[in-house]
Amino acid sequence: SARLCDDRTRSSPGQEERMYRRRDWVDFYFGLPFDESHAPDSTAHYCTAGFVVLGAVVAAAAQRPFDELAESWFFGPMGIRDAKWAHDPRGQVDSGGHLRLRARDFLAFGQLLLDEGQWRGEALLSPEWIAQIEAGATQLEGLGYVHGWWIEPALRVEGHPDPLRVIFASGNGGQALYVIPELELTVGFFGHNYNSPRAALPFVMMQRVILPAVRPEGR
């Protein structure tokens, strides 16, 4: 069974705001009770603490800090020089979020996905990883969800009969990165609408303003 961790439900024992009040975030996750009401692999919830644990596991397996791995695997090859990581109260890198990037560097990850894991001729992501994103098998909140990316398989664009497949990353406040393979397009947003319904504005703007402009009626 899965741990009781659901960021969308404030009463959930694993809700992220509860984690932030603890000193050891990994220990917080492993101290959560199990959800006995569902069979294993039968349901999924968005859980920031899970990404914190994932980062800790990767760092332990590689025997290198998580931020050094990111620099070696992505930031260095992609020329990203101004990334700023947050840390937990113990000083460990926060792999669950709060990474600060310039807009152009944020967009670079969308381009990396558009180019099927290739960056200027160098493979930074494996074909198998890209194929899993394309499959989008896990269902979460009515969308596909794989490796931290959401997949909207059929986004309706105003004034157009044919929907578009959209891959996107979305964070609290309105931080969002959209990848539309059919249009060879990536779009990024930064926002400050934390814990507010206005955080959904990037998705609304994509659907009502940006995509209709990029995809004129009839195309």
Side-chain angles (χ1 to χ4, degrees), residues 1-3 5 7 14 16 18-32 34 40-41 44-102 104-138 140 144-151 167-172 175-177 179 186 188:
S1 298
R3 304 273 178 177
C5 183
D7 286 351
E16 62 180 327
R18 297 173 185 266
M19 178 184 70
Y20 296 143
R21 295 195 292 267
R22 295 283 294 273
R23 175 173 173 77
D24 189 328
W25 294 354
V26 173
D27 183 68
F28 166 84
Y29 177 82
F30 285 111
L32 294 173
F34 286 101
D41 299 326
H45 298 287
Y46 188 87
C47 174
T48 297
F51 281 99
V52 170
V53 172
L54 177 61
V57 169
V58 170
Q63 298 185 349
R64 292 178 63 188
F66 189 80
D67 54 346
E68 288 186 10
L69 293 171
E71 172 68 26
S72 175
W73 292 342
F74 297 103
F75 295 167
M78 296 170 70
I80 297 173
R81 298 286 176 259
D82 297 310
K84 292 181 175 59
W85 293 92
H87 297 79
D88 71 10
R90 298 182 305 145
Q92 302 299 308
V93 176
D94 177 7
S95 58
H98 307 103
L99 172 65
R100 297 172 66 93
L101 292 171
R102 296 183 304 171
R104 69 184 65 182
D105 296 332
F106 192 44
L107 283 168
F109 283 96
Q111 191 63 46
L112 181 65
L113 211 60
L114 274 182
D115 293 337
E116 299 184 342
Q118 299 280 326
W119 185 263
R120 297 180 179 176
E122 182 180 358
L124 302 186
L125 296 171
S126 70
E128 292 78 12
W129 197 93
I130 294 295
Q132 289 169 359
I133 292 289
E134 291 295 328
T138 300
L140 181 59
Y145 188 76
V146 183
H147 302 325
W149 290 91
W150 301 87
I151 295 94
I167 304 168
F168 66 99
S170 179
N172 192 1
Q175 329 308 324
L177 180 62
V179 180
T186 181

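Keep in mind the model is a prediction, meaning the values are calculated, not measured. Note that the numbering runs from 1 along the sequence shown for the chain.
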Next on the checklist: If I take atom CG from residue Leu54 and atom NE2 from residue His147, how far apart are they, to the nearest 0.5 angstrom?
Outcome noted: 10.0 Å
Item to check | Any side-chain heavy-atom pair of Val179 and Thr186 under 4.5 Å | outcome: yes
Checklist entry - How far does CD of Gln63 sit from CD of Glu68, to the nearest 0.5 angstrom? => result 12.5 Å
Next on the checklist: I want to check a possible cation-pi pair here: Arg81 against Phe75, using under 6.0 Å from ring centre and within 45° of the ring axis as the test.
Outcome noted: no
Checklist outcome for this item: Distance col, row Trp25:CH2 vs His87:NE2, nearest 0.5 angstrom, shows 10.0 Å
Checklist entry - From Ile167 CD1 over to Leu177 CG, what is the distance, rounded to the nearest 0.5 angstrom? => result 10.5 Å
Checklist entry - How are the rings of Tyr46 and Trp150 set relative to one another: parallel (under 30°), tilted (30 to 60°) or perpendicular (over 60°)? => result parallel
Checklist entry - Which heavy-atom pair separates Asp27 from Arg22 by the least distance, and what is that distance? => result OD2-NH2, 3.8 Å
Next on the checklist: If you compare all heavy atoms of Trp119 against all heavy atoms of Leu124, which two are closest, and at what distance to 0.1 Å?
Outcome noted: CB-CD1, 3.6 Å
Next on the checklist: A side-chain contact here means heavy atoms from C-beta on lying under 4.5 Å apart; do Phe30 and Asp24 qualify?
Outcome noted: no
Checklist entry - Do other residues, nucleotides or ligands put more than 12 heavy atoms under 6.0 Å from Arg102 CZ? => result yes
Checklist entry - Quick one: CG on Leu32 to SG on Cys47, what's the gap to the nearest 0.5 Å? => result 7.0 Å
Checklist entry - Where is the tightest heavy-atom contact between Ala44 and Leu140, given as atom of each residue plus distance? => result O-CD1, 3.2 Å
Next on the checklist: Contact between Phe74 and Leu125 at the side-chain level, heavy atoms closer than 4.5 Å - yes or no?
Outcome noted: yes
Checklist entry - Just wondering, do Phe28 and Val52 contact through their side chains at under 4.5 Å, heavy atoms? => result no
Item to check | Heavy-atom side-chain contact between Met19 and Cys5 under 4.5 Å | outcome: no
Next on the checklist: Around atom CZ of Arg90, are there more than 12 heavy atoms from other residues, nucleotides or ligands closer than 6.0 Å?
Outcome noted: yes
Checklist entry - By salt bridge (charged side-chain N to carboxylate O under 4.0 Å, His left out), which residues pair with Arg104, not counting sequence neighbours? => result none
Result block: side-chain N/O donor-acceptor pairs under 3.5 angstrom for residues 106-118, not counting sequence neighbours:
| from | atom 1 | to | atom 2 | distance (Å) |
| --- | --- | --- | --- | --- |
| Gln111 | NE2 | Asp115 | OD1 | 3.3 |
| Gln111 | NE2 | Asp115 | OD2 | 3.2 |

Checklist entry - If every non-hydrogen atom of Tyr29 is compared with every non-hydrogen atom of Ala49, which pair is closest and at what distance? => result CD1-CB, 3.8 Å
Next on the checklist: Testing the basics here: between Ala56 and Val26, what is the closest heavy-atom pair and its distance to 0.1 Å?
Outcome noted: CB-CG2, 3.8 Å
Item to check | Side-chain donor or acceptor of Asp7 paired with backbone N/O of Thr48 under 3.5 Å | outcome: yes
Checklist entry - How far apart are the closest heavy atoms of Ser95 and Phe66, and which atoms are they? => result CB-CE2, 3.8 Å
Checklist entry - How long is the gap from CH2 on Trp85 to CD on Glu71, to the nearest 0.5 Å? => result 10.5 Å
